[in-house]
There are 2 protein chains.
Amino acid sequence: MAVTRNTVQREIVLSTVLSMCNHPSAEEVYDSVSKNDSHISKGTVYRNLALLSQTGKIRKIAMPGTLADRYDFNLKPHFHAVCRKCGKIIDVCCKERADGFSFSEPFKVEGMELVLSGLCSECDENSSDKSELK
Amino acid sequence: MAVTRNTVQREIVLSTVLSMCNHPSAEEVYDSVSKNDSHISKGTVYRNLALLSQTGKIRKIAMPGTLADRYDFNLKPHFHAVCRKCGKIIDVCCKERADGFSFSEPFKVEGMELVLSGLCSECDENSSDKSELK
DNA sequence: CTCCTTATCAGTAATGATTCTTAATTAGAA
DNA sequence: TTCTAATTAAGAATCATTACTGATAAGGAG
């Protein structure tokens with residue numbers, strides 16, 4: 001419903017994410033924006049990252065636990081692996097077999113967290129569907 | 001290294017999780033404990049849930065985004081699906097095929113988040129391994 | 001059984017990521 | 001150009017979780 005406007009802030013946030021190839025967090029996007037271009041408030045960065053991922057311009061990577069969420073310019077379907085020590089994120093392609101992961105670089109898998117999201121049967125039936133939950 | 005003691009609080013937290021079959025969050029465990037048994041402080045509940053999952057008594061389900069983490073008494077390997085509306089968690093068995101998920105009850109999949117954790121090649125090599133990252 | 005070390009506790013302040021609030025600004029249709 | 005709703009900056013608020021502090025108690029040594 002909402003009419004989406006083209007703002008310079010939104011354009012800067014988008015181009016910043018597209019220029020960063022390291023799955024940046026909102027904080028890192030904010031830092032990069034602050035360093036390079038004009039000043040954009042942190043709330044605006046968060047809001048635009050959410051908006052851009054909703055409209056499919058970028059992709060949001062919801063990290064487990066209290067780790068900060070990341071954003072990805074790569075829209076092709078793939079999964080991610082986080083290094084427990086340095087926090088680096090590595091792309092993972094999922095082949096036909098469940099056990100056949102292929103990594104963009106070597107990675108020692110210690111654990112995995114898969115969470116599917118959607119609707120349970122009850123909520124699907126009485127679907128006044130407001131996306132109550134985050 | 002740390003010698004683990006047997007405390008009543010730890011025993012209560014464990015038995016509470018074991019008695020709850022609905023993947024409770026730390027807050028829900030705290031509520032249940034407060035309602036039934038004696039008083040245990042919230043910090044103690046959090047600490048014991050972490051400790052119990054580290055020692056393999058229960059399993060921690062790190063939820064993506066800002067959703068509260070959950071705990072599971074079921075140690076058998078399986079994944080989880082969260083309802084976007086009511087937040088209910090449903091068990092998912094992963095068969096041989098990547099596309100072959102089987103659910104404990106009907107669920108409409110709208111999205112999935114898979115995050116592998118472990119060590120990238122650099123961190124694996126210079127492994128003074130302190131688990132710096134959460 | 002008593003003593004002693006130190007893991008653990010209760011209570012609460014602090015943290016960190018994210019969202020919300022409010023008043024001012026501005027994109028873009030009329 | 002004018003008007004209005006979308007957007008912004010700045011900072012307060014929220015929420016899950018962790019850290020801190022002084023008090024308590026588990027369990028091995030004697």
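Labels below follow one simple rule: chain letters A, B, ... track the order of the sequence lines, proteins then strands, and each chain is numbered from 1. What you see below is based on every heavy atom in this structure, not just the backbone, and it leaves out hydrogens, waters and symmetry mates.
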Evaluate the side-chain proximity of [Y] to [X]: yes if any heavy-atom separation is below 4.5 Å, no if none is.
{"X": "B:Asp69", "Y": "B:Ile61", "result": "no"}
{"X": "A:Val29", "Y": "A:Ser32", "result": "no"}
{"X": "B:Gln54", "Y": "B:Lys60", "result": "no"}
{"X": "A:Ser53", "Y": "A:Arg59", "result": "no"}
{"X": "A:Val82", "Y": "A:Lys88", "result": "no"}
{"X": "A:Arg10", "Y": "A:Lys57", "result": "no"}

Phosphate-side-chain proximity, B:Gln9 and D:dT24, N/O vs OP1/OP2 below 4.0 Å |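 Result: no.
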Below 4.0 Å: OP1/OP2 of C:dG11 and any side-chain N or O of B:His39 |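 Yes, within the criterion.
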Please report the distance, rounded to the nearest Å, between [atom1] in [X] and [atom2] in [N].
{"X": "A:Asp69", "N": "C:dG16", "atom1": "CG", "atom2": "C1'", "answer": "13 Å"}
{"X": "A:Met63", "N": "C:dT18", "atom1": "CE", "atom2": "C1'", "answer": "16 Å"}
{"X": "B:Leu51", "N": "D:dT18", "atom1": "CG", "atom2": "P", "answer": "12 Å"}
{"X": "B:Tyr30", "N": "C:dA10", "atom1": "OH", "atom2": "C1'", "answer": "10 Å"}
{"X": "A:Arg70", "N": "C:dG16", "atom1": "CZ", "atom2": "P", "answer": "15 Å"}
{"X": "A:Leu67", "N": "D:dT17", "atom1": "CG", "atom2": "C1'", "answer": "12 Å"}
{"X": "B:Glu27", "N": "D:dT18", "atom1": "CD", "atom2": "P", "answer": "13 Å"}
{"X": "B:Lys60", "N": "D:dA16", "atom1": "NZ", "atom2": "P", "answer": "14 Å"}

Using distance alone, with no hydrogens and no angle criterion, decide if B:Asp72 and B:His78 have a side-chain donor and acceptor under 3.5 Å apart.
->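 The answer is yes; a qualifying pair exists.
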When you get a sec, tell me which of [options] is the closest nucleotide to the side chain of [X]?
{"X": "A:Asn48", "options": "D:dT8, D:dA10, C:dT18", "value": "D:dT8"}
{"X": "A:Tyr46", "options": "D:dA9, C:dT18, C:dA10", "value": "C:dT18"}
{"X": "B:Lys42", "options": "C:dT18, D:dT17, C:dC9", "value": "D:dT17"}
{"X": "B:Ile40", "options": "C:dA10, D:dT17, D:dA9", "value": "C:dA10"}

Expected output: side-chain A:Thr55 to main-chain A:Leu51 donor-acceptor under 3.5 Å |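 Flag set: sc A:Thr55 to bb A:Leu51 pair under 3.5 Å.
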A:Thr16 (side chain) donor-acceptor with A:Ile12 (main chain) under 3.5 angstrom =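 Pair found, side chain donor or acceptor close to backbone of A:Ile12.
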Angle of first-five versus last-five pair axes in the helix from C:dC1-D:dG30 to C:dA30-D:dT1, to 10 degrees =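 Helix axis angle between the two ends: 30°.
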How would nucleotides 24-29 of chain C be written as a contact map, 5' to 3', with B for base contact, S for sugar-phosphate-only contact and - for no contact, using protein heavy atoms under 4.0 Å?
-> --BBS-
Touch class at under 4.0 angstrom, heavy-atom based, for A:Arg10 against every strand present |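 Counting heavy atoms under 4.0 Å across all strands, the contact made by A:Arg10 is with sugar-phosphate only.
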Map A:Arg47 and B:Ala26 onto DNA chain D by nearest heavy atom, then report which one ends up closer to the 5' terminus.
->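 Going by which nucleotide is closer to the 5' end, it is A:Arg47.
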How far apart are the closest heavy atoms of B:Arg70 and B:Asn22, and which atoms are they?
->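 Shortest heavy-atom contact: NH1-O, 4.4 Å.
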